[in-house]
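In what follows, chains carry the letters A, B, and so on, assigned in the order in which the sequence lines appear, proteins first and then strands, with residues in each chain numbered from 1.
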Amino acid sequence: MRVAEIYINQINKNMDRSFDYYIPDFLEPMEIGLRVVIPFGVKNSKIDGLVVGIKESSEYKRLKNIEGIIEDYPKLNDWQIKMCYWLQKSYHCLFMEAVNCFVPSNLHIKKKKENGRNTYYMANALHEVKYYKLSGKYFKTEDYLAQIKSNATKQREILSCLEEIPVSFKELKEKTTCTTANLNILIKKGLITESKEINIRNPYKDREYQYPVNTLNRHQQEAFDSFNSYEKPSTFLLHGVTGSGKTEVYLRYIEETIKRGKSCIYLVPEISLTSQIIGRIMGRFKENIGIIHSHLSDGEKIDQWNAIKNKSVRIVLGARSAIFAPMDDLGLIILDEEHENTFKSNNRPRYNTYEVAKKLQEFHECHIVLGSATPSVSSYYEALYGHVNLLELPERVKSIPMPEIHIIDMKEELYAGNKTVISRKLHNGILQNLKRGEQTILFLNKRGYSTFVFCRNCGYAVNCPNCEISMTYHHNIKQMACHYCGHKEHVPTICPKCNSDKIKYTGSGTQKLEMQLRKYYPQARILRMDTDSMQRKGAYEETIDLFQQGKADILLGTQMVTKGFDFKNVTLVGVILADSTLNIPDYKASERTFQLITQVAGRAGRGDKLGEVIVQTYEPNHYAITLSQAYDYKGFYDQEISYRKMMKYPPFSDIIYIGFTNEDEVQVSRDCLKYYDKLYKLVKEEEGEELLREMYQPTASPIKKINKKYRWYFIIKTNHLLQYNSILNKLSEEKEIMELHSTLIIDINPNNIL
DNA sequence: AGCACGCCGACT
DNA sequence: GTCGGCGTGCTC
Ligand SMILES: [Zn+2]
Ligand SMILES: [Zn+2]
């Protein structure tokens, strides 16, 4: 019998390797990439796995037999398995975490008898979730606790956490450190009960859309022709000012690629994946469009998979995760709003979508198109000096001039006696817009009401008990909330430290701004758009629709309002405080500020009327602000790239973040230092001085604790990413490193280092 | 993930 | 002494 190498579908670092199994004759011909059911462990419990290799014999002597193949399960191709190994090695994740990018992971496997043999199939339309609650035997938690021994800490933890309302296993695991074994004991004792519920998937409903073909202007035509002149797989950067008609160019690229018999992936930031863009693409192409985002259920994912595999879907529109769509004849990958940080994953695997796309080019003859009004300096640098072709759209489609940007020095407002967050110029602009019946967008990058609540008498600040960070006051729920762990608590009316009642609220967020606006402009109809007000499903699109239809005068909100919407009647845009992004301690702060101002400014004056933008700041002379005022992308790029070069920041280096988290403050520092030492020795042995100099000393994170877990980290600013990656992979296999108690996070070029 | 093995504190 | 929770190691 032949032998199969099988990875088991278990996310666990001890299981990040293959296991050998015999292939019984009735399962031949076995193929790499198939999903199988195998007996595992002492109990031979049936578990699913992925075949990654086939060989004639095994070193290991006591092999078990594969039980069966899971029918209809998406089979991974050779290129997909190669991508998984690459993801694992490049981003330091488990192999199965990489696999789960490509295929749905929560299999619901059913068994049936056929010709006297067990065969397996998926019942993924139904996804069962286990819920737990207190049995209802007693009234108070204390009574439950009295039933178990004092040293049963895990069980006590579970009981204290549970209520009479069912809680899913997943939620319970986030709050406690329980296992199914602990829960089963409590069930046996009759203290808690278990129930199962089925997640029902709701299929995506098609609507009728129309999006007529727009004729291309000169620059668009040039961008189109240039793209077409490349036969070999190439990469392009489409740099087009806001309103220059990038979408139309993308659609032409897609049309052309489909004509050549190839398929396309069109990626947008998750937040931009709205009915507007879906409507445009569905309205243009008569083909089926696959829509992929991270909120799809496993059943929906399988549906999309099959539709792509049998080629009834040739165009996939989606957020970051859609880069893993199983296109075998990929011809084009578009990354729209290329500069957005959502193209970098913050969960394992912590991949960068552009890098994944470049890797895909090794397996597919496909073009990559990056598009943005404010390209990331790394991409622009590549376009100037690397293998990326620069395509420019320097004019707006209808030659509408860019709105004029005014910079307001808020220090001068203070001197003039204006203590509000709205400058006199912005105030007059809003009043005038209200009078003329034109719309206003206000951007403030802080949600909540007040971001810092403290006692004026003794300096006591309301900090989260789980995190070392100040909590934000939320007026809608009248509670303090932590933006890192979600913890909520009551608002102090008297200081718990000194009993003073001089509690002060500072740091205005969107909620406070909304209240102030309602006070100043009682006649105005105001909409607020931030993660808090957009919780409800569909709220985001409803708000957009309301504003689009002119049913509100002012739209205020966080990042969300900067996205590429086409509101024709918006003639005034206000940036309440540009400094809030500028002062983030991160090398990308200037870039981010420039991008935000440019993006939000692009919302003004999209119709026939001229627009105006007012940027309020305490640093009116910062180059990110003055150059965005001048719409001088190139000027900004030049300044920023010389700063990056001087400081050896990306694109002149890669930053490897190596972080540890643990509930024990001492343990986490010990583990981090130990890892650092081990790495230091290994680098010294294998590489030498040059790489050693790229390692920075470990320290506690700027936010020392998040969600009860203390954090330590160090970074490596390197020009030898490949060498470091292989050393880090080698280190992860060492026993002493495997045994570290703290959770290890390795992030290559992370979005932030908090 | 689950399960066995073995250590050690609580309780008879 | 025994019972049982909980950390550790292993699963082809
Ligand atoms: Zn006080
Ligand atoms: Zn918190």
Side-chain angles (χ1 to χ4, degrees), chain A residues 1-24 27 30 32 34-69 93-97 99-100 105-109 128-130 132 144-160 168-174 176-192 194 196 348 662-664 667 671 732-743:
Chain A
M1 274 191 286
R2 295 205 294 169
V3 173
E5 295 173 322
I6 295 170
Y7 265 89
I8 279 135
N9 186 16
Q10 210 76 256
I11 302 303
N12 181 321
K13 69 177 170 189
N14 298 319
M15 304 263 268
D16 194 30
R17 63 190 178 93
S18 63
F19 290 84
D20 289 356
Y21 281 85
Y22 282 130
I23 307 166
L27 289 178
M30 179 55 71
I32 291 175
L34 285 174
R35 257 339 229 253
V36 290
V37 174
I38 42 173
F40 190 71
V42 237
K43 279 267 164 168
N44 281 331
S45 44
K46 303 294 176 282
I47 196 164
D48 79 283
L50 172 75
V51 178
V52 296
I54 294 173
K55 52 193 180 185
E56 292 308 317
S57 63
S58 170
E59 315 248 296
Y60 199 87
K61 285 301 143 211
R62 283 151 302 164
L63 297 192
K64 296 176 184 175
N65 281 4
I66 298 176
E67 189 90 7
I69 293 168
C93 67
L94 305 178
F95 182 75
M96 267 313 192
E97 288 174 323
V99 170
N100 290 342
S105 56
N106 297 319
L107 309 192
H108 199 247
I109 298 155
E128 266 186 347
V129 182
K130 282 185 183 175
Y132 298 90
Y144 281 96
L145 292 174
Q147 303 304 309
I148 49 173
K149 289 190 183 165
S150 56
N151 64 343
T153 49
K154 294 255 169 177
Q155 297 183 21
R156 290 185 162 268
E157 199 186 343
I158 294 166
L159 285 177
S160 320
S168 73
F169 183 54
K170 206 181 160 192
E171 278 178 78
L172 203 56
K173 266 196 74 176
E174 279 164 17
T176 67
T177 53
C178 70
T179 60
T180 38
N182 305 130
L183 287 162
N184 287 335
I185 295 170
L186 287 169
I187 292 170
K188 251 185 216 157
K189 288 181 181 166
L191 296 173
I192 65 169
E194 178 189 278
K196 287 172 189 171
R348 286 189 300 180
N662 196 314
E663 300 209 2
D664 187 329
Q667 181 90 46
D671 286 353
S732 301
E733 286 165 19
E734 279 190 22
K735 203 160 180 278
E736 270 185 274
I737 297 298
M738 296 262 287
E739 281 168 355
L740 291 181
H741 261 234
S742 308
T743 320

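Regarding A/Asn9, its CG atom lies at a distance of 12 Å from the P atom of B/dG2, rounded to whole Å. The NE2 atom of A/His741 sits 12 Å away from the C1' atom of C/dG9 (whole-angstrom rounding). Across the protein-nucleic acid pair, A/Glu157 atom CD and C/dC6 atom P stand 9 Å apart, rounded to whole Å. Atom CZ of A/Arg62 and atom C1' of C/dC10 are 12 Å apart (whole Å). One interatomic measurement links the two molecules: CE of A/Met738 to P of C/dC10, which rounds to 10 Å at whole-angstrom precision. Spacing between atom CZ of A/Phe19 and atom P of C/dC10 amounts to 11 Å, rounded to whole angstrom units. In this entry the distance linking CZ of A/Phe40 with P of B/dA4 reads 14 Å, nearest Å. Rounded to whole Å, atom C1' of B/dG2 lies 14 Å from atom NZ of A/Lys46.
Across B/dA1, B/dC3, C/dC12, the shortest atom-to-atom separation from the side chain of A/Met15 is found for B/dA1. Of the candidates C/dG5, C/dC12, C/dC6, C/dG5 carries the atom nearest the A/Lys189 side chain, counting heavy atoms from C-beta on. Of the candidates B/dA1, B/dC3, C/dC12, C/dC12 carries the atom nearest the A/Tyr60 side chain, counting heavy atoms from C-beta on. Of the candidate nucleotides C/dG9, C/dC12, C/dG5, C/dC12 has the atom nearest to the side chain of A/Tyr21. In this structure, the nucleotide among C/dG5, C/dC6, C/dT11 sitting nearest to the side chain of A/Ile185 is C/dG5. In this structure, the nucleotide among B/dA1, C/dG4, C/dC12 sitting nearest to the side chain of A/Lys149 is C/dG4. The listed nucleotides are C/dC12, B/dA1, C/dG7; the one nearest the side chain of A/Lys154 is C/dG7.
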A/Val36 vs A/Glu67, side chain to side chain contact (heavy atoms under 4.5 Å, CB included): CA-CA, chis, key distance, verdict: CA-CA 7 Å; A/Val36 290; A/Glu67 189 90 7; over 6 Å; no
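As judged by a 4.0 angstrom heavy-atom cut-off over every strand, A/Ile6 is placed among residues making no nucleic acid contact. Heavy atoms of A/Thr153 sit under 4.0 angstrom from primed sugar atoms or phosphate atoms, though from no base atom. At the heavy-atom level, A/Arg17 lies under 4.0 Å from base atoms of the strands shown.
Once rounded to the nearest 0.5 Å, the distance linking CG of A/Asn182 with CD1 of A/Ile187 reads 11.0 Å.
For A/Asp671 (side chain) and A/Ser742 (main-chain N/O), a donor-acceptor pair under 3.5 Å exists by modelled atom type. Side-chain atoms of A/Lys64 do not come within 3.5 Å of backbone N or O of A/Arg62 as any donor-acceptor pair.
Remark: A/Lys55 NZ is packed, more than 12 non-hydrogen atoms of other residues, nucleotides or ligands lying under 6.0 Å away.
Ranked by how close their nearest DNA chain C nucleotide is to the 5' end, A/Lys735 and A/Pro39 are led by A/Lys735.
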